[in-house]
Novice: 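First, the structure itself, so that you have it in front of you.
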Amino acid sequence: MRVPTLLALSAASVAALPASNKLYKKQASPDAPNAFGLAYTTPPPMANGGAWSAAFQRASDVTSQMTLEEKISIVTGQNGRCVGNTGAVPRLDIPALCLQDGPTGPRPVDGHTQFPAGVTTAATWDRELIYERSRAMGQEFYDLGVHVALAPVTGGPLGRAPRGGRNWEGWYADPYATGEASYLSVRGLQDAGVQATSKHFIAYEQETSRNVYINKTLGSQPGLATTLQLPISSNLDDKTTHETYLWSFAEAVRAGTSSVMSSYNIINGTHASANSDALNGLLKTELNFQGFVVSDWGGIWGTREAVYGGNDLDMPGNGFNGLLGIFYGDELRDLVNNGTIAESRLDDMIHRVLTPYYAAGQADKKLPDVPFNAGSGTDAVTYRLVQKPSTVDLVRKIAEDGAVLLKNEGGLPLKSVPRIAVIGNDAGPPSRDAGDTGEGIPIGSGSNGTLADGGGSGYSTPLNLIYPLMSIQERAAKDSSKVSWMLNDTDIATAQTTAADADVALVFVSAWASEGYDRTDLNLTGGGDALVQAVAAVNNNTVVVMHIPGPTLVDAWIDHPNITAVLAPLLPGEQTGPSLVSILYGDISPSGKLPFTIAKQSADYPPNTITSQTEAENLAPQADFVEGNYIDYKWFDAKNIEPRFAFGHGIGYSTFEYSNIRKNETFAFDSLAIQKTNEAFVGQQEGESLYDVLISVEVDVKNSGNVVACEAAQLYVEFPASANQPARQLRGFDKVKQAAPGSTTTVSFPIRRKDIATWDVVQQRWVVATEPVTFHVGASSRDLPLTITHTF
């Protein structure tokens, strides 16, 4: 299949880079003679599977018994019951492997749990909850008979673009914290017996012009563009790649992730699915990844190029009736037969697909054989899981602990409130049945009831979406309070009439985000700003509740004297109502903190993070990552911009004091790596790892308030000026849980070599700081009262 000529990097991207900071080379045209030998280095074979050595041997033995046709069927997607299916080899007891969405629960199967979004779980800053969410989600995948869960989002997107349509699927706008979440979420899924897929690799930071391959000869179907425009090219340098965008994938590999999904975008002029520097160099060599690379659905644009570029499994392949490109399959067979592709490369692809399958124990204990049908590209479902009560409790707990109280001037908690007004569509029920996933505007969108989840393949159908108004009415009945409500965002007159006589007006607003397109702005959707202002004009105790997917501007009304509290539960999943009531009424003190920065205006964020060009303007749009490592709070620090609410900000019903910062210089070898990476550092000695703990920084955190509460303590590193690094970078966090009034808890932050290292673009390895490094500890990126310095 002829691949469109790939374009060189834009002049602007090259001019903006430091002279010593290399770009990954633009690979030669795939149509050039012997291009696979010149531009595409042979992908490194598995190194005996690393920690999966026994599984690798089984995979090797089985592969040696396969015919060429059987091998090709395994690496080429097939039609089947799941959104992705491999070929089966019954005579060798290899089933068709089932790959299924997504990051908030199995989709689109009815009767399971809609988990809180990644961004909400991140806002808990609680490692245990991050793990338990993934573990419980993995169990539902397993019970459904899914071999490979297409989760978690591992830093693609990371959050470079505040308007990114899929930011909510991920975690923090920070590589360290996202790395911690990636490690834990991979472990959780795989501890449940399901293979994890870390996605999307790499520099996948916008939906606009991410274009999938569409087979023009087969026509199209609704929702899939037939554009001639190539995918957006993410143009970034070596230092930025390592210090920001590769970091979280390194943690996923260390956790033993079974697969990594290549992204839709182009990277520095070469498709991500065929980018040898990214897949063979960064992922399979530097990170020593031992699993398989699977394409995003429609992400492959050529068989030879993808195979030698490092992509192992083509999805959906022949699935979806070939609509997203007919690659691998017959073409791969012909390329092997004529010697263009070595059969040893095909064998390695099989090894990489089957080794994690054996390592997960899925060959020895067969997964449930569950009849459902998602592989047709529709939402046809013939099976219902049985939801566990413990999972419901977990979802509620994450939603409670992930809700961020941004402002409180006496509005919360609610106490002895005779008359309550509930205003806004976002408080109410969906206008369609919960079984309708309808991805155009899923249930829970800003114009269709409460927003509990975002849209696209990251969306999952709730078993029972308990909306806020329902829970507020239930609680009010116990308190003999009267509840009035108005759920039309545009009926301002009725909203004001309803709110005017109430003792408290709860205004519910939201901002919609989805896969497939980016947010047009950072405002509330559905006229939310006008609704808030109208209610605040008539009620002097207005409490705003915001269900939002990421940065959302609030300066149009945040300082209004009648707005007494602002709470952001983000995207809380199906227990949105009960979790909210627990906070509103003070049953628990809110402890969520922002995993991103909220600015005072859009212009405060780095410019041009969403590149939008039409086909008429450019058939090969470019996204130049000229801000480098300076995304989110690091940009605000570098430009001395005061945020409205800082990264890591969140308040509760109690207060905490930080004191007694100190060092514990006890060394510890890395004990957490399931699969070890090949990341190297200058001066490395045999047996040393970039992830060894050199020291720990400890502080005392006291609950100085009057109620039991939790606190997410954070540590930031400040490198010496000579390192040319952002002013402060997150390198530790810990959650103080259920601290009684007056109690003091010691928090310890382990500092690894990597945490105080920078990437050297000349030596092509990490350099551990030798000059004094300063650590700052406190409640947010802008509230850091404690400081200590150490020389390593």
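Predicted model only: the values in this text are computed from it and were never measured. As a basis for the values below, the full set of heavy atoms in this structure was taken, side chains included, without hydrogen atoms, waters or symmetry mates.
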Novice: Ion pair present between Glu331 and Arg304, side-chain N to carboxylate O less than 4.0 angstrom?
Specialist: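 Arg304 and Glu331: not salt-bridged.
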Novice: Can you measure from CG (Leu158) to OG1 (Thr178) and round to the nearest 0.5 angstrom?
Specialist: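 Output value for this atom pair is 5.0 Å.
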Novice: From the options Phe201, Tyr204, Phe289, select the one residue that forms a ring-ring contact (aromatic ring centres under 6.0 Å, His included) with Phe249.
Specialist: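 Going through the options one by one, the only one that passes is Phe201.
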Novice: Does this structure show an ion pair linking Glu627 with Lys634, if we count only N-O contacts that are shorter than 4.0 Å?
Specialist: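 A salt bridge is absent here (no side-chain N lies under 4.0 Å from a carboxylate O).
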Novice: Report the C-alpha separation of Ser258 and Gln190 in whole Å, then their side-chain angles, then the decisive distance to 0.1 Å, and conclude whether the side-chain hydrogen bond (donor to acceptor under 3.5 Å, both in side chains) test is met.
Specialist: CA-CA 8 Å; Ser258 293; Gln190 298 197 162; 2.9 Å; yes
Novice: With distance as the sole test, does Asn288 use its side chain to make a donor-acceptor pair with the main-chain N or O of Lys676 at under 3.5 Å?
Specialist: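 Yes, the answer is positive, given that a donor and an acceptor are paired below the 3.5 Å cut-off.
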Novice: State whether Lys366 and Asp93 are salt-bridged, where the test is any N-O pair (Lys NZ or Arg NE/NH1/NH2 against Asp/Glu carboxylate O) under 4.0 Å.
Specialist: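 Asp93 and Lys366: salt-bridged.
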Novice: Just by distance, do the side chain of Ser73 and the backbone of Glu70 share a donor-acceptor pair under 3.5 Å?
Specialist: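 It does hold such a pair.
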Novice: Counting distance only, does the side-chain N/O of Gln362 pair as donor-acceptor with the main-chain N or O of Leu367 below 3.5 Å?
Specialist: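 Not a single qualifying donor-acceptor pair exists.
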Novice: According to ring-ring contact (aromatic ring centres under 6.0 Å, His included), who are the partners of Phe56, at least two apart in sequence or on a separate chain?
Specialist: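 Expected list: His351.
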Novice: Any donor-acceptor pair under 3.5 Å linking the side-chain atoms of Asp61 with those of Gln65?
Specialist: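 No, because no side-chain N or O of Gln65 sits under 3.5 Å from a partner of the opposite role on Asp61.
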Novice: Do NZ/NE/NH1/NH2 and the carboxylate oxygens of Asp296 and Arg210 come within less than 4.0 Å?
Specialist: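 No salt bridge links Asp296 with Arg210.
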Novice: With a 3.5 Å cut-off and no angle check, do the side chains of Asp238 and Gln764 form a donor-acceptor pair?
Specialist: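 Yes, a side-chain donor-acceptor pair sits under 3.5 Å.
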Novice: Looking just at side-chain N and O atoms, do Gln622 and Asn235 make a donor-acceptor pair shorter than 3.5 Å?
Specialist: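 Short answer, yes.
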Novice: Before giving the answer on ring-ring contact (aromatic ring centres under 6.0 Å, His included), spell out for Tyr691 and Phe669 the whole-Å C-alpha distance, their side-chain angles and the decisive distance to 0.1 Å.
Specialist: CA-CA 8 Å; Tyr691 297 92; Phe669 286 108; over 10 Å; no
Novice: If we ignore hydrogens and angles and just use 3.5 Å, is the side chain of Ser234 paired with the main-chain N or O of Ala203 as donor and acceptor?
Specialist: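 Present.
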Novice: For residues Gln729 and Glu243, is any side-chain donor paired with an opposing acceptor at under 3.5 Å?
Specialist: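 Per modelled atom types, Gln729 and Glu243 side chains form no pair under 3.5 Å.
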Novice: Just to verify, what does Asp348 make a salt bridge (Lys or Arg N to Asp or Glu O under 4.0 Å) with, not counting sequence neighbours?
Specialist: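 With neighbours one apart ignored, the set is Arg345, Arg352.
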Novice: Is there a donor-acceptor contact under 3.5 Å linking the side chains of Asn211 and Ser209?
Specialist: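 Distance-only check fails for Asn211 and Ser209.
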Novice: Considering all heavy atoms of both residues, which atom of Ser248 and which atom of Gly155 are nearest to each other, and what is their separation?
Specialist: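 Closest heavy-atom pair between Ser248 and Gly155: OG-CA, 3.7 Å.
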Novice: Restricting to non-hydrogen atoms, name the atom on Ala272 and the atom on Leu279 that form the minimum distance, rounded to 0.1 Å.
Specialist: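 It is O-CD1, 3.5 Å.
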Novice: Determine whether the side chains of Ser182 and Glu251 contain a donor N or O and an acceptor N or O closer than 3.5 Å.
Specialist: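 Distance-only check fails for Ser182 and Glu251.
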Novice: Looking at CZ of Arg752 and CG of Leu694, how far apart are the two atoms once the value is rounded to the nearest 0.5 Å?
Specialist: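 So the gap between those two atoms works out to 10.5 Å.
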Novice: Would you check if the side chain of Ser295 reaches a backbone N or O of Ser273 as a donor-acceptor pair within less than 3.5 Å?
Specialist: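 Not at all, since once roles are kept as given, no pair shorter than 3.5 Å links the two residues.
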Novice: What are the two closest non-hydrogen atoms of Tyr630 and Asn724, and how far apart are they?
Specialist: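 Heavy atoms only, the tightest pair is OH-O, 4.2 Å.
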Novice: I'd like to know if the side chain of Gln675 reaches the main chain of Gly49, judged simply by a donor and an acceptor atom lying under 3.5 Å from each other, with no hydrogens or angles considered.
Specialist: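 Such a contact is found between Gln675 side chain and Gly49 backbone.
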Novice: Are any side-chain N or O atoms of Asn167 and backbone N or O atoms of Gln206, one a donor and one an acceptor, separated by less than 3.5 Å?
Specialist: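 No, because the side chain of Asn167 does not come within donor-acceptor range (under 3.5 Å) of the backbone of Gln206.
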Novice: Ignoring hydrogens and angles, tell me if any N or O in the side chain of Trp301 forms a donor-acceptor pair with the backbone of Ala306 under 3.5 Å.
Specialist: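 Answer holds: no.
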Novice: Just by distance, do the side chain of Gln78 and the backbone of Asn85 share a donor-acceptor pair under 3.5 Å?
Specialist: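 Not a single qualifying donor-acceptor pair exists.
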Novice: Under a plain distance cut-off of 3.5 Å, with no hydrogens placed, do Tyr183 and Arg187 share a side-chain donor-acceptor pair?
Specialist: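 Checked: Arg187/Tyr183 side chains pair up, N/O donor to acceptor below 3.5 Å.
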Novice: So, taking the atom named CG in Leu313 and the one named CG in Leu97, what distance separates them when rounded to the nearest 0.5 Å?
Specialist: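 That separation rounds to 8.5 Å.
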Novice: Counting distance only, does the side-chain N/O of Glu343 pair as donor-acceptor with the main-chain N or O of Val336 below 3.5 Å?
Specialist: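 Flag not set: sc Glu343 to bb Val336 has no pair under 3.5 Å.
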Novice: Under 3.5 Å, is there a donor on one side chain and an acceptor on the other for Thr677 and Glu679?
Specialist: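 There is such a pair between these side chains.
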Novice: Going by an N to O cut-off under 4.0 Å, is there a salt bridge joining Asp670 and Arg254?
Specialist: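 Answer for the salt bridge query: yes.
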Novice: State whether a side-chain donor-acceptor pair under 3.5 Å links Tyr172 with Glu180.
Specialist: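 No pair is found: no donor N or O on one side chain lies under 3.5 Å from an acceptor on the other.
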Novice: Do Arg135 and Asp191 sit within salt-bridge range, that is, some charged N less than 4.0 Å from a carboxylate O?
Specialist: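 No salt bridge links Arg135 with Asp191.
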Novice: Using the ring of each side chain (for Trp, its six-membered ring), is His242 parallel, tilted or perpendicular to Trp759, with breaks at 30° and 60°?
Specialist: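 Plane angle under 30°, so parallel.
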Novice: Is it true that Asp237 and Thr240 share a donor-acceptor pair across their side chains at a distance under 3.5 Å?
Specialist: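 A donor-acceptor contact under 3.5 Å links the two side chains.
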